[in-house]
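Everything below concerns the one structure shown next.
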Amino acid sequence: MASAPRVRFAPSPTGYLHIGGARTALFNYLYARRQGGAFILRIEDTDQERSTPESVKAILDGLEWLGIDWDEGPGKEGAHGPYFQTQRMDLYRKYTEQLIAEGKAYRCYCTREEIDARRSAVEKQTGKPGTYKYEGTCRNRTDVPEGRTSVVRFRMPDGEGRVTFDDKVLGPITKEYSDLDDWVMVRADGIPLYNFGCVIDDYTMGITLVGRGQEHVNSTFPQLMLYQALGWQPPDFAHFPLILGPDREKLSKRKHPEADVMLHKRNGILPEALLNFVVRLGWSHGNEEVISRQQMVEWFDFDHVGTTSGVWNPDKLMWLNQQWMKLLPAPVVAERLAPFLQARGVELPPGDPRLERVVLAFRERAKTLDEMAATALKYFQHGVEWEEKAATKHLTADSRPLLARVREEVAALPQWTAPTLDEVVKRVSEQAGVGMGKVAQPVRVATTGGTVSPGIGETLELLGREETLHRLDAALARP
RNA sequence: GUCCCCGUCGUCUAGAGGCCCAGGACGCUGGCCUUUCAAGCCGGUAACACGGGUUCGAAUCCCGUCGGGGACACCA
C-alpha cells in the first residue's frame, strides 16, 4: 500500500437512509478506519426529478444517528470537493468534451421516443425485456441535425474483447464487449448519468476502492471501459452481498418498511444494536456475535465479507437490542429511554432518578426502548387498574390479612429500598407460615394490577412509598 | 429472455483438502434457578441443493443440473 486508502459512500438523496445503504456506508467506514484511510461522503444528486434537500438531510441524520462520520463531504469540505455532484458540472463537461474530441464518445441525436419505440419493438419481437441494445445509429454521424437535442454516448471498442476485474470479495469477474453497448453518459439536458459521474468523481476524488452493493456489479463494466478510455487507473472494487426482505427479495423502500433506518430508531432500537445486526449480515469474525463499534474497526476486513445475500431477521435484531440495553451503562440507556416515556405522556423532570431505576429493572424484560417505556408506564402513573383475572386469583379473602400486614410494616420502614422491602415480604410470609409467593403475588397484583413485574422489592421501590401505600390501600378497600 | 453473482441448520454464519459423521448465534424446545415474568445457566432440534469428476481423502477444487437473487433507463 503506497498511500492511505480513500473510500466513499455515494447515496442519491431520493428518500430516507436505506438499511442497505447504511451497511454499505458502514463497511466503507470500517475499512477506512481500520486502514487509517479516509471515508468520503458524496451526494449523487444528478437525478433532478427525485433528489430533494430533505432527503439529503434525512441521509445525514441517519448516518449521524448511527455514528458513521465522514472525513470529507457535506459540512466537511476537503481538498476534493465539492461533494454534491450537481456542483461538479464543470468537471463532467470537461471530460465529455475531451472524450468526444478523442472520438471515444459521440453525440447521439436519437430522441428518447425513438429509442423507446425501437426498444419496445425489439422486446415485443424477442419476447422479453433487456434484449434491446443501441444499434449505433448515430455512431458515425458527422452532421448536426437542426433543432434536435443530443445525448452523449460512450463508444464501445469495435471487435471482440472482454473486461475483467478482480473483485475484492467476489473474485475475478468478466464480461464480453458484445454484452455491452454504447451507453448514455450524458443526458440531453447536459446532466451526467450515474456511470459517467461516478467514474469522474471517484477518480478525481482519489478513491482507491469502491465498495458498494452487488446490484452494481454489472455497472462496473461500462465504468471500467470509461477508465480505460480516459487512460486512468481504475480503483479496486468490492461488491457486498444484498440484504433481502422476508420475501427474499432485495430490501426495498417500497415493499419493506424495515428498510428505513430511522424507523428502527422510532421503534426503540439502539444504534449500537442496529449496527451490530447489520454488520453481521454479510460479515463475520469467527463466532463473535455481540460486537462493539471499536471491535468492528479492529476486526473488519473484506476477506470475511460473504458472497451470499442475507435475509433480514427481526428476532435477532431484537435479541441484539436487548444485549445492548444490558451492556450499555444504565445512565446512557436512561437518557435514550426518556423520549419514549415522554411520548406516552410522562412528565420527566431533568435528571429524574426514576429513569435509571426503570432501566435497571426492565432491561432484562424488554427488547426495545419503546417496549420498556410501555411496560414501565404504570410506574409513573397515579393509581392502578386491576386485571380482573389477576385480582380474582390473588386479591382474595385469604390474602387480605397478609396484604394488610405488609402495608403496615412497609409504612413503618425507615429505608425505602428494594432489599428492605423484600425483607418485609419475607418476614410476613414466614410469620404466616406460607411461601413467599403467597405474599408477593397479592402485593404485586395490588400494586401493579397484574401478575408480572420485576422483583417485588424492586417494584415497590420504583413505585415509591407514597404511591405504594396508596395502591395497597386501594386494593384493601376493594369490595 | 440475456448477462452477472450466489447456493452449509427455518434465519445469520464458522469453515481457505484431512482438525467436520460439520462449530457458534437467533428462533423453537426440555430442564435448572425462582415471589411472578424475564434474564442467566445446562441440554435438545436442525444444514454441507443434486449429479458427475479430481484426490489416498472434498462442505472445501473442476464440470453439469437444479434453485435463488441481481442487472438489463436520457434512475442511482
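Below, read A as the first sequence line, B as the second, and so on, with proteins coming before strands; counting in each chain starts at 1.
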Practice task
Tell me the partner of B:rA16, counting only Watson-Crick (N1-N3 plus N6-O4 or O6-N4) or G-U wobble (N1-O2 and O6-N3) with both under 3.5 Å; none if nothing fits.
Solution key: none

Handout entry: Short side-chain N/O contact from A:Lys326 to OP1 or OP2 of B:rG40, under 4.0 Å
Key = yes

Exercise for the section: For A:Ile456, report the nucleic acid contact type (base, sugar-phosphate, nothing); a contact means any heavy atom under 4.0 Å. Expected result: base

Handout entry: Polar side-chain atom of A:Lys104 near backbone of A:Ala229 as donor-acceptor pair, under 3.5 Å
Key = yes

Problem - From A:Phe240, A:Phe39, A:Phe9, residue fulfilling ring-ring contact (aromatic ring centres under 6.0 Å, His included) relative to A:Phe27 - result: A:Phe240

Practice task
Just name whichever nucleotide pairs with B:rA58, Watson-Crick or G-U, keeping both distances under 3.5 Å, else none.
Solution key: none

Problem - Base B:rG24 to side chain A:Glu289, donor-acceptor N/O within 3.5 Å cut-off - result: yes

Handout entry: Distance test, side-chain N/O of A:Arg112 to OP1/OP2 of B:rC75, below 4.0 Å
Key = yes

Exercise for the section: Just name whichever nucleotide pairs with B:rU35, Watson-Crick or G-U, keeping both distances under 3.5 Å, else none. Expected result: none

Handout entry: Pair partner, B:rA25 [Watson-Crick or wobble, under 3.5 Å]
Key = B:rU11

Exercise for the section: Considering just the side-chain nitrogens and oxygens of A:Arg119, establish if one lies under 4.0 Å of OP1 or OP2 belonging to B:rC74. Expected result: yes

Exercise for the section: Just call it for A:Ser453: base, sugar-phosphate, or nothing, with non-hydrogen atoms closer than 4.0 Å on any strand. Expected result: base

Exercise for the section: Check whether any side-chain N or O of A:Arg187 sits under 4.0 Å from OP1 or OP2 of B:rC75, and answer yes or no. Expected result: yes

Exercise for the section: Is it possible for you to check whether A:Arg153 lies under 6.0 Å from the centre of the six-membered ring of A:Tyr134, through NZ or CZ, and within 45° of that ring's axis? Expected result: yes

Completion exercise
Side-chain contact check for A:Leu193: nearest option of B:rC74, B:rC4, B:rG7 is B:rC74

